[in-house]
Structure formats: C-alpha cells, structure tokens
Amino acid sequence: MTTTDLTAPVPPTRAAVPEFSVWPATAAEEPGGRVLLAGVPLADIADAHGTPVYVLDEAEIRDRCRTYRAAFPEAHADVHYAAKAFLCRGLVRLVDEEGLGLDVCSAGELELAVTAGFPPERILLHGNAKSPADLATALRLGVGRIVIDSPAEIARLAAAVGPRGHQKVMLRVTPGVGAGGHAKVRTGTDDQKFGLSLRDGHAQHAVARILDQPQLELTGLHCHLGSQITETKPYLTALRRLVGLMARIRDAHGVVLPELDLGGGHGIAYRPGDPVLDPTALAHRLRAALAESCAAAGLPVPRLLVEPGRAVVGPAGVAVYRVLAVKTTGGRAFVAVDGGMSDNPRPALYGVRYAPRLIGRRSTAPAVRTTVAGRHCEAGDLLAEDVELPADIRPGDLLAVPVAGAYHLSMASSYNLVGRPPVVAVRDGAARLLVRRETLEDLRARDVGL
C-alpha cells in the first residue's frame, strides 16, 4: 500500500455542522467550507487520487467493531463481519485486529481473506448456490463453518469432504419472518431463494439428512431476515421459532445444537433522522429472549452469532465526486457528476436516498431542489433525487455522499468501460491507498479477442 501524508488545521467541532449526524465522527468543516475526515481535507484526497474516490474512516470502523464486540461479549457470542458489504486486504486486517470473524459468499472472498492472514477457522461460508470451486476452496483452506442452503448441497458437500474428512456445518432456515427496507432485500420469508422453510418441514428434513452424514457436524441453525432492519421484533420472532426447531431436533434425534446464528441486516441511517438499529439494545433483548425461550424448552443456551456488514462499514465511507455539468430541463435542476451507477447501483436497484453535500467551498447561495445525476447512458442513473444543494453549484465543484462504505464498490461494475474508483483510508491526519483505481489498461487486458 502507498501512504500519503495530507495534514490539515485542527478542525472545528461537529456541533457547528448538525447535518454531519450521518457522517463519521471525525467529520468537520473548516470556515471556508472545506470538509475534513479524520483531519484530512477531502478535497486534498480528490486532488491526490482523482474522482470518484471512496474514503474510509478507519477509526469509525474500529469504533463500530468495538461496539458490537462489547454488545455481544466473546464469552457468549461471536460477531462475524459480512464481507459482501465491502472487502479488501486492509479491511481484512482491521477486522481481524478487532476480534471479529468473517462471513463470506464465494471462493474469491474466502481466498482474499485467508491470503491476507485471516484465520480460516473464524470464517463462515454462505451462498444459496455454492459452486464446486466455492466448496473445494472452503475445504482446502479449512473454513470454520459452511452454511448449507439447499438439500442438494448436503450430498455434494459430504462427497467433497470424503469418508475420512470432517466439516462443521450450519443449516440456513427460513423462519417465515419478513423484514427489511425493500422487497428485494427481504430474505426471511418463504417466497425467496434462500434457506429451507421451517413452515413446510423442509428444514426438519434437511436436518435429518445432515445428521445421517457422519463427516458433517451440524453445529447450529442459521437465518438471515433481510437488510436495513431497524426494529428488534423480527429478530425476536425468528429467535423463538428457531429455538422451537432446536427443541424438536433434540426430541427427534437426541442432538442438542450449540450455536444459533441470527444473521445481520442491521439498519443504519443514510440521511439525518433516519431510524437505526442499536446493536447494544438488540443484544440485550436477544440475550433475554434466548434465555427465556431456552428455559421454556429445556435447552441449554446456545452460542449466539450475528453478522453485521453494512452497520460496521457503511457509515465509515464517503464517496467524493466532481461536478461535470449543471443544467435545468423540464423544470428540474440537474447536477451531473463523474460517477454513477457503475460505482453505486443502489439508487437504481432499491431507490436508496442519500444526502450529498458540497465539500470544497462554502456557498451562500439559496438551496434549491436538485437531482444529482450519474454519467452513464441510463435514465435511471441518478445518485440522489430532489435533494437541497446550493443554487450556485458549478462544474469543478466537489460533492460528497456520506454512508458510502457498504455495497458501493462491492457491487460496482465497469459499465460503459468506466474503471472502478479507488479506496483511500484516513486516520489521524494521514491518508493511505487501500485499493487503486481500475484503469483502462486493466479493462483492455481482459479483452483477448484479437
């Protein structure tokens, strides 16, 4: 990794800028309007690394890891960072240092984590359609748990393990609980692709099949209800239903499962005033409900697992863009920037709303309703619709979109052959490059057709 020292004056207090409530805790604004993160002016990062650029506040990530670790103490629970939100070698090392595990969804994520030094026994492998390469890589590297998601996977995995092998597994159960901020991210109901239904008996049947495979050790049940969940009630409902299944497994097979994984999906605020899920309050209610449900069922309390991803890294990221064009058409004000759906497809996929702001200078112009548009050849390439921005925004200005740490770069593409942006980490007044920009040379190198 390369390191660039970008120093700045001591920033003012956050109290002067209340809209920073969804920004990392180190965000501040200088009198001239420049915005700093961890003491580093975002405009300096844009000058040094170009735009678009993602900036990750390392202290914010560490603080969020520690909040989860304190809420779910190691003596009774495990916290696994959901790598699908965003993964790079630098983040792997940080998560390891903070004592979290990982959950991954592919051989690619798994290989990156292990080659960066992450202990494979602290990794869970998910996926509703794991490829032979995914399973082979998991077994070769010694992954801690494989979460079985379909009946066909049981025999396939058992064959891959071999008669003398051994692999710990969990079973993903669909508890019939619908939760999440959008229909496309609700995964706890029976009408979607993940898991095995508790309601129709498929989960119980899969348990019996797993227990018939001596090389597979069923350690527990797993569920994931969805994303952007801001209430504790869905988790409590799922917990009680899964404890009920654990009791039926004990009664039918004489097996007491020692682990219960309730997944992630913990909601965060993308704009000031948005509801959030407090991990400390969630942990308190889950522990109480788990103790009560297990006592009623005559079960020992299993080890609890949770898998936050967005809630760890999302609020720590800021995406910085440069304005390319400004115009008014059809009665709407458009500000076009040098990124868009290739580096953040979420507004087009889910209608996600952000709160961008001008960061390179202070404006005294009145705020007007503005649509921030991307550069791609799609009418739906809009990063933020009907947001208030100064009326005097002009080409060359810098805009920043907070809460950009999760599901931006991890879902990015090279649409229109636009290279993916770099990732820069900031801490204590210094910036370092974590992921370089994808260049035209990178894109051409993959094209071997001539």
Side-chain angles (χ1 to χ4, degrees), residues 56 60-62 64-69 71-72 77-96 98-114 116 118-120 122-128 130 134 138 143-147 149 170 172 179-182 184-188 193-195 220 222-230 234-235 238 259-268 276-277 279 282-283 286 304-317 346 350 352 403-412 423:
L56 285 179
E60 182 77 18
I61 297 174
R62 290 187 184 274
R64 288 177 173 272
C65 288
R66 292 167 188 174
T67 296
Y68 270 99
R69 190 69 278 180
F72 295 91
D78 290 321
V79 180
H80 284 69
Y81 170 69
K84 63 185 178 181
F86 172 69
L87 196 67
C88 68
R89 287 194 291 255
L91 185 58
V92 167
R93 188 170 298 114
L94 187 154
V95 168
D96 186 19
E98 294 301 330
L100 273 61
L102 277 177
D103 85 68
V104 300
C105 299
S106 70
E109 291 178 352
L110 177 56
E111 286 268 12
L112 188 148
V114 174
F118 200 90
R122 285 168 42 207
I123 300 178
L124 284 75
L125 173 67
H126 291 275
N128 71 296
K130 302 178 193 70
D134 293 331
V143 72
R145 307 283 189 278
I146 295 176
V147 181
D149 199 282
M170 305 185 83
R172 181 160 178 171
H182 191 280
K184 291 183 179 179
V185 295
R186 294 173 190 155
T187 57
K193 69 178 186 177
F194 292 105
H222 175 283
C223 76
H224 183 75
L225 305 181
S227 296
Q228 272 299 92
I229 302 170
T230 57
Y235 293 102
E259 296 177 336
L260 177 60
D261 191 332
L262 292 179
H266 306 162
I268 60 174
V276 301
L277 186 68
L282 173 67
L286 287 178
L304 188 62
L305 286 77
V306 293
E307 300 170 354
R310 175 199 321 265
V312 170
V313 76
R346 300 183 67 249
Y350 311 133
V352 178
V403 203
Y407 301 107
H408 283 221
L409 190 59
S410 64
M411 298 178 73
V423 180

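Count residues from 1 along the sequence. Computed from a prediction, not measured in an experiment: that's the story for all the values here.
With hydrogens and angles ignored, the 3.5 Å screen pairs no side-chain donor or acceptor of Asp103 with any backbone N or O of Leu124.
Gly101 approaches Val95 most closely through the heavy-atom pair O-CG1, 3.9 Å. The two atoms that bring Val104 and Ala83 nearest to each other are CG1-CB, 4.1 Å, heavy atoms only. What you find for Gly309 and Ala85 is that their closest heavy atoms are C-CB, 3.8 Å. A pairwise comparison of heavy atoms in Asp134 and Ala107 identifies OD1-N, 2.8 Å as the closest pair. Here the closest heavy-atom approach between residue Gly127 and residue Asp149 is recorded as O-CB, 3.4 Å. Closest heavy-atom contact between Arg310 and Ile268: CG-CD1, 3.4 Å.
Glu98 is linked by a salt bridge (charged side-chain N to carboxylate O under 4.0 Å, His left out) to Arg62, Arg66, counting only residues two or more places apart in sequence or in another chain. Partners of Ala138 according to the side-chain contact (heavy atoms from CB on, under 4.5 Å) rule, which considers only residues two or more places apart in sequence or in another chain, are Leu110, Leu125, Val143, Ile146. Evaluation of the side-chain contact (heavy atoms from CB on, under 4.5 Å) rule for Thr230 yields Pro275 as partners, not counting sequence neighbours. For Asp78, the salt bridge (charged side-chain N to carboxylate O under 4.0 Å, His left out) criterion is met by Arg303, not counting sequence neighbours. Every residue two or more places apart in sequence or in another chain that forms a side-chain contact (heavy atoms from CB on, under 4.5 Å) with Val79 is listed here: Tyr68, Arg69, Phe72, Leu100, Val306, Pro308. Pro119 is linked by a side-chain contact (heavy atoms from CB on, under 4.5 Å) to Asp96, Glu121, Arg122, counting only residues two or more places apart in sequence or in another chain. Taking Arg346 as the reference, nothing meets the salt bridge (charged side-chain N to carboxylate O under 4.0 Å, His left out) condition, with sequence neighbours excluded. Applying the ring-ring contact (aromatic ring centres under 6.0 Å, His included) rule to Tyr235 yields the partners His266; only residues at least two apart in sequence or on another chain are considered. Checked against salt bridge (charged side-chain N to carboxylate O under 4.0 Å, His left out), Glu60 has the following partners two or more places apart in sequence or in another chain: Arg64.
Distance CZ/Phe86 to CG/Leu56: 5.5 Å, rounded to 0.5 Å. Of the inter-residue distances, the one linking Cys105 atom SG with Leu87 atom CG reads 10.5 Å to the nearest 0.5 angstrom. Note that OH of Tyr407 is 5.5 Å distant from OG of Ser227, once rounded to the nearest 0.5 Å. In this structure, CG in Leu94 is found 6.0 Å from SG in Cys65, a value given to the nearest 0.5 Å.
With Leu262 as the fixed residue, the side-chain contact (heavy atoms from CB on, under 4.5 Å) test singles out one of Leu225, Leu305, Leu304: Leu304.
Looking at heavy atoms from C-beta onward, Ser410 lies out of side-chain contact with Lys84 at the 4.5 angstrom threshold. Side-chain contact check for Phe118 versus Leu112: every heavy-atom pair is 4.5 Å or farther apart.
Checked against a 6.0 Å centroid threshold, the rings of His126 and His222 count as neighbours.
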